[in-house]
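As structure tokens, the structure follows; a few thoughts come after it.
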There are 2 protein chains.
Amino acid sequence: MTVSKTAEKSSEKAGDATRGRKDAAGGPPEALQLGELSEQLGYVLKRAQLKVFENFLRCMASLQLTPAQFSVLLLVEKNPGRNQTEIASTLGILRPNFVAMLDNLESRDLCARIRSTNDRRSHILVLTDKGKAVLARAKKLVATKHESRLNELLGQANREALLEMLSKIANEF
Amino acid sequence: MTVSKTAEKSSEKAGDATRGRKDAAGGPPEALQLGELSEQLGYVLKRAQLKVFENFLRCMASLQLTPAQFSVLLLVEKNPGRNQTEIASTLGILRPNFVAMLDNLESRDLCARIRSTNDRRSHILVLTDKGKAVLARAKKLVATKHESRLNELLGQANREALLEMLSKIANEF
DNA sequence: TGATAATTGTTATGGACCATATCAAATATC
DNA sequence: GATATTTGATATGGTCCATAACAATTATCA
């Protein structure tokens, strides 16, 4: 990289498009037209996902939990006694990248790796007492501060319909 | 980082959870229970977004356009004569990160930077003829291969309802 | 007008996330 | 018992995202 040729070329085939801003009077900044972009599912989906994660992080600021960390705690709680590979793969996390995540959660005493006695290669994952307590508080925060806002914005019925359609896309697309 | 203490601790407060896999017979791998995870909007939203982007990339393989690049071309076509800052900011791209993106598109002769005569600091963005042609082909591919599959999966009415709800989240959340 | 502030594109840089190759220890397979 | 596979881990590189800083240019305003 580090090319950055300042593009002196091809300025002939653009007609007289070099007017720039400030053409006539000093009207308002003239917001851009999104055009077909607002109909592109991928675009809207990504923007919505960023907003939801952003709000999630705000709601979880006191517990310092990211969406990914929250999903790990939820899955370990629901499936105690599973190893790293199983938890990571069902979350779509690659095993190498899961190591640092667990190092973090374990250093905060939220979950623990336990060497399995049946298969001494694998680490069984469990929530610590503190992990269970933190997860319980996290669930309350998500329900009262995060998901509730979705209900206000969309309505209960619409929120459920949205979830169903997204699940369909995630699973059958 | 690079801590990786193998966590020999806290194996007493986990009861006898060290059974690991292969407890009784050699039944099927026993898929994990997602539990409340499948009700978390953020989780489902993210999974759906990844699937949609993945499919988008497959549909665009012949044109080598990413979702972000496609959105830039769309926006420049709809708003000719705008500068880098305007295009980047409405897409949520920071100006420093937009430079390499434009270097790429310009090196492929899809768009061009033109020094504005009104404000010689700014670069006016326009699509080249090749850029317009490629974008036209991209739109056809998206419509026939990408968005059409969404209609098959959800139905026209549901697809529109989904888009509306996502827009609401993206704009009002 | 001229000194100062603000804007534009750019570079450098660091962090977070994602993907692959590889390894030692342990287990499975034959 | 030799070979292959699995598990957790490390190293590494790529991409995306965010901040600071800079030169050139323009805006501001005393």
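Every chain is numbered from 1 and lettered A, B, ... according to where its sequence line falls, protein lines coming before strand lines. Predicted, not measured: the structure shown is a model, and the values here were computed from it.
With rounding to whole Å, Q84(B) atom CD is found 13 Å from dT7(C) atom C1'. Atom CD in E86(B) sits about 8 Å away from atom P in dT8(C), given to the nearest Å. One atom, CD1 of I93(B), and another, P of dT10(C), lie 14 Å apart when rounded to the nearest Å. Protein atom CG of N83(B) is 13 Å distant from nucleotide atom P of dT26(D), rounded to whole Å. In this entry the distance linking CG of N118(A) with P of dT7(D) reads 14 Å, nearest Å. We find that CZ of F53(A) is positioned 15 Å from C1' of dC16(D), with the value rounded to whole Å. A straight line from CD1 of I87(A) to C1' of dG8(D) spans 15 Å, rounded to a whole angstrom. Summarising the geometry, the separation between CG on L50(A) and P on dA18(D) is reported as 8 Å, rounded to the nearest angstrom.
A salt bridge between E164(A) and K168(A) is absent, with no side-chain N of the basic residue lying under 4.0 Å from a carboxylate O of the acidic one. At a threshold of 4.0 Å, the pair R149(A)-E172(B) does not count as salt-bridged, since none of the basic side-chain nitrogens sits closer than that to a carboxylate oxygen.
Taking the ring pair (Phe, Tyr, Trp, His ring centres under 6.0 Å) definition, one finds that Y43(B) meets it with nothing, sequence neighbours left out.
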Short heteroatom pairs, N/O only, protein and nucleotides 21-26 of chain C, under 3.5 Å:
| residue | atom | partner | partner atom | Å |
| --- | --- | --- | --- | --- |
| dA26(C) | OP1 | R120(A) | NH2 | 3.4 |

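Looking at R47(A), its side chain never comes within 3.5 Å of a backbone N or O of L166(B) through a donor-acceptor pair.
Side-chain atoms of L125(B) and R82(B), non-hydrogen and from C-beta on, never get closer than 4.5 Å to each other. Between L127(B) and L110(B), every side-chain heavy-atom pair lies at or beyond the 4.5 Å cut-off.
A residue-by-residue look at G92(B) and N97(A) shows that N97(A) has its nearest nucleotide of DNA chain D further toward the 5' end.
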Can you give the donor-acceptor pairs under 3.5 Å from side chains of residues 62-69 of chain A to other protein atoms, not counting sequence neighbours?
| residue | atom | partner | partner atom | Å |
| --- | --- | --- | --- | --- |
| T66(A) | OG1 | Q69(A) | N | 3.1 |
| T66(A) | OG1 | Q69(A) | OE1 | 3.4 |
| Q69(A) | OE1 | T66(A) | N | 3.0 |

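The side chain of L94(B) sits closest to dT19(D) out of dT10(D), dT10(C), dT19(D).
Put simply, T85(A) has a side-chain N or O that comes within less than 4.0 Å of OP1 or OP2 on dG8(D).
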